Amino acid sequence: MSLNIYNTLSGNKEPFEPFEPGKVKMYVCGPTVYDSCHIGHARSVVVFDVIVRYLRAIGYDTTYIRNFTDVDDKIINRANDLGITLKELSEKYIDEFNEDMDALNVRRPDFAPKATEHIDQIIDVIKRLIEKGHAYQVNGDVYYSVNSFEGYGKLSGRKLEDMEAGARVDIDEKKNNPFDFALWKSAKPDEPSWDSPWGEGRPGWHIECSAMGREFLGETFDIHGGGKDLIFPHHENEIAQSEAAFGKQFVRYWVHNGFVNINQEKMSKSLGNFKMIKDVIMKYHPEAVRLFLLSNHYRSPIDFNDKSMDESSAGLDKIYTLLLRVEKSIGSAKDIEPANIYEKFCEAMDDDFNTARGIGIIFDSVRSINRMLDKNTAGALDDNLSVEEKKEIGSAHADILRIGNVLGIITESPEAYFNKKKETALEDKSVDAEMIEEMIKKRFEARKAKDFETADSIRDKLDSLNITLEDSPEGTIWKVKE
RNA sequence: GGCGGCAUGGCCAAGUGGUAAGGCAGCGGCCUGCAAAGCCGUUAUUCAUCAGUUCGAAUCUGAUUGCCGCCUCCA
């Protein structure tokens, strides 16, 4: 099976065929940098990160662009409130965005262009639109005329006539049609501005993506992504701009991710329930956050709550526990033949990036490996495993790591993962690792002497400190309870 | 008012015409000195409701009900 992608434009899953065979050009709308990033930004960025990783894993030479919107009303207002420049504010939040996303193990895009650094390209597109009669000037503002573009509404499935009926749109005397939107806004006092053929001003929101997409990817590119909320008007307007200006198809596949709700409610200012990434990753391992975000299909809504996050954390633990077990018992196998697990994972991913199914495949595999390794519980180490079984385990282990590489999880060694978890968990407790190891040693001696009373009292004491012990033929390990 | 989406076991969630993945929780068992971890078994004759198409539907069609999103800045 080959890759199929749900295309918002057609409303269907379509076989993926890039414009240029073997190469994928992809653009995703990045953040408007005026505030910290929340878990919803994380979802969009992680989803498209996985999409890019997968496209590359199946051999596409992929160019990936994600922009920063660094000039708009919200940024200007915020900067003015704080008494700093637009640039100071946007740079601060760009840095923070990069920190958050690096922490979430998101790979940087090939280019991360900023609107303010592409004013010339933006002006060029606007000029063309005016020349071709798709835009008009009013006192230094330039508006796009939606009536001039026949396909207006084709992405969002709207008709201009229908929208006007019950529209909640302010009537602006300067516009010919209420849905006309600004390509260029004339400068107001105290606003940053750039010179243009229409006077001092700044670009409207939508035009930057048309201009920068063209700059980095060309006039037609393969995938354009973003949150569902961007379908209208943002992406609808991008299509109108680019196709009117360049006379060709703008984007072949439109991909939109669903929202993150918080305890069944939409994140909103009035509810004050924004979950910032920097806060979430203080409590949960970044890979647990990724596992959570990828555990639903990317187009469905997902509900962020403690229970779901705890389950994702437990799931991640389960995977790392298995990996640790494999490495302790049979080590890293050599001469590995690929198992069919990765193949099954790819089948899931080929079906519109079905990461939820893909994660199920990981757990299937975890169970089957544990089953094989359980043959050892009675005896010492791997005596009961046949050469074939060891090979199978080694292959499955390698496949899981390969899947992890696409999902951006399991990037640490199991030891490092558990050690880090212990450190974090012990930080605010009155115990340290050395003390625990010492107690485990004492318990081991007691058990050897069949003094189970002492052994159990040690275990109980650790248990009261939220430390759980696990005995196995390979020795005793300890974990901190969540 | 317009447009779109969703409704699957106690909870989360895959499954888009061929007879219900996976995770969490529960119960029974194996293993263990006892635990923990892991494994095995078990929990939906059934996929909001009703009607229809079909040899066959959770999957297609129509209607009903209930949620949700977009149409205004928003990932």
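Residue numbering restarts at 1 for every chain, and letters A, B, ... go by the order of the sequence lines. Treat the numbers as computed from the prediction; the structure is a model and nothing was measured.
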For His38(A), report the nucleic acid contact type (base, sugar-phosphate, nothing); a contact means any heavy atom under 4.0 Å.
-> base
Strand partner of A57(B), provided both Watson-Crick or wobble distances fall under 3.5 Å | none
For U49(B), what is the paired nucleotide under Watson-Crick or G-U wobble rules, both distances under 3.5 Å?
-> A63(B)
Between P of C67(B) and NZ of Lys266(A), the distance in whole Å = 18 Å
Answer with base, sugar-phosphate or nothing: what part of the nucleic acid does Gly40(A) contact at a heavy-atom distance below 4.0 Å?
-> base
Rounding to the closest angstrom, what is the interatomic distance between A7(B) and U61(B) at atom P?
-> 14 Å
Under 4.0 angstrom, heavy atoms only, what part of the nucleic acid is Gly315(A) near: base, sugar-phosphate, or nothing?
-> nothing
Could you tell me whether the side chain of Arg459(A) has a donor or acceptor atom within less than 3.5 Å of a complementary atom in the base of A35(B)?
-> yes
Rounded to whole angstroms, how far apart are CG on Asp364(A) and C1' on A14(B)?
-> 11 Å
Could you tell me whether Arg402(A) sits above the aromatic face of Tyr342(A), with NZ or CZ closer than 6.0 angstrom to the six-membered ring centre and within 45 degrees of the axis?
-> yes
With heavy atoms under 4.0 Å as the rule, sort Asp471(A) into base, sugar-phosphate or nothing.
-> base
Phe292(A) ring center near Tyr284(A) ring center (under 6.0 Å) = no
Just compare A36(B), C39(B), C71(B) and give me whichever is closest to any side-chain atom of Arg371(A).
-> C39(B)
Name the nucleic acid region contacted by Phe232(A), choosing base, sugar-phosphate or nothing; use a 4.0 angstrom heavy-atom cut-off, strictly under.
-> sugar-phosphate
When the distance from CD1 of Ile75(A) to P of C74(B) is rounded to whole Å, what number comes out?
-> 10 Å
Watson-Crick or G-U counterpart of A21(B), or none if no pair lies under 3.5 Å = none
Would you indicate what Leu230(A) reaches in the nucleic acid, counting non-hydrogen atoms under 4.0 angstrom: base, sugar-phosphate, or nothing?
-> sugar-phosphate
Side chain to side chain donor-acceptor pair (under 3.5 Å) partners of Glu14(A), counting only residues at least two apart = Asn7(A), Ser10(A)
Aromatic contact, Phe221(A) with Phe250(A) (centres under 6.0 Å) = yes
May I ask you to say what Arg43(A) touches in the nucleic acid, namely base, sugar-phosphate or nothing, with a heavy-atom cut-off under 4.0 Å?
-> nothing
Would you classify Lys479(A) as touching base, sugar-phosphate or nothing, given that sugar-phosphate means primed atoms plus P, OP1 and OP2, and contacts are heavy atoms under 4.0 Å?
-> nothing
Which part of the nucleic acid, if any, lies within reach of Arg66(A) when heavy atoms closer than 4.0 Å are counted: base, sugar-phosphate only, or nothing?
-> nothing
Establish whether the base of G15(B) is bridged to the side chain of Asn354(A) by a donor-acceptor pair shorter than 3.5 Å.
-> no
Side chain of Asp229(A) - closest among C24(B), A14(B), C74(B) | C74(B)
Look at the aromatic rings of Trp254(A) and His256(A) and report parallel, tilted or perpendicular, splitting at 30° and 60°.
-> parallel
What is the nucleic acid contact for Asp456(A), judged by heavy atoms within less than 4.0 Å: base, sugar-phosphate only, or nothing?
-> base
What does Arg367(A) touch in the nucleic acid at a heavy-atom separation under 4.0 angstrom: a base, only the sugar-phosphate, or nothing?
-> sugar-phosphate
Return the value, rounded to whole Å, for the distance between atom CZ of Arg325(A) and atom C1' of A37(B).
-> 8 Å
Between Arg357(A) and Asp352(A), is there a side-chain N and carboxylate O pair less than 4.0 Å apart?
-> no
Between C34(B), C39(B), A21(B), which nucleotide gets closest to the side-chain atoms of Asp374(A)?
-> C39(B)
If pairing means Watson-Crick or G-U wobble with both distances under 3.5 Å, then the partner of G28(B) is C40(B)
Taking atom P of C71(B) as reference, at what distance in whole Å does atom CG of Asn177(A) sit?
-> 17 Å
What integer distance in Å separates Arg357(A):CZ from G22(B):P?
-> 14 Å
Describe the nucleic acid contact of Gly30(A) in one word from base, sugar-phosphate, nothing, applying a heavy-atom distance below 4.0 Å.
-> nothing
May I ask you to decide whether Asp141(A) forms a salt bridge with Lys175(A), counting only side-chain N to carboxylate O separations under 4.0 Å?
-> no
Nearest to the side chain of Thr468(A) - A36(B), U16(B), G33(B)?
-> A36(B)
Partner nucleotide of G1(B) by Watson-Crick or wobble geometry (both distances under 3.5 Å) | C71(B)
Judged by nearest nucleotide, the residue sitting upstream toward the 5' end of RNA chain B, Gly360(A) or Asn296(A), is Asn296(A)
Touch class at under 4.0 angstrom, heavy-atom based, for Val45(A) against every strand present = nothing
Just call it for Phe363(A): base, sugar-phosphate, or nothing, with non-hydrogen atoms closer than 4.0 Å on any strand.
-> sugar-phosphate
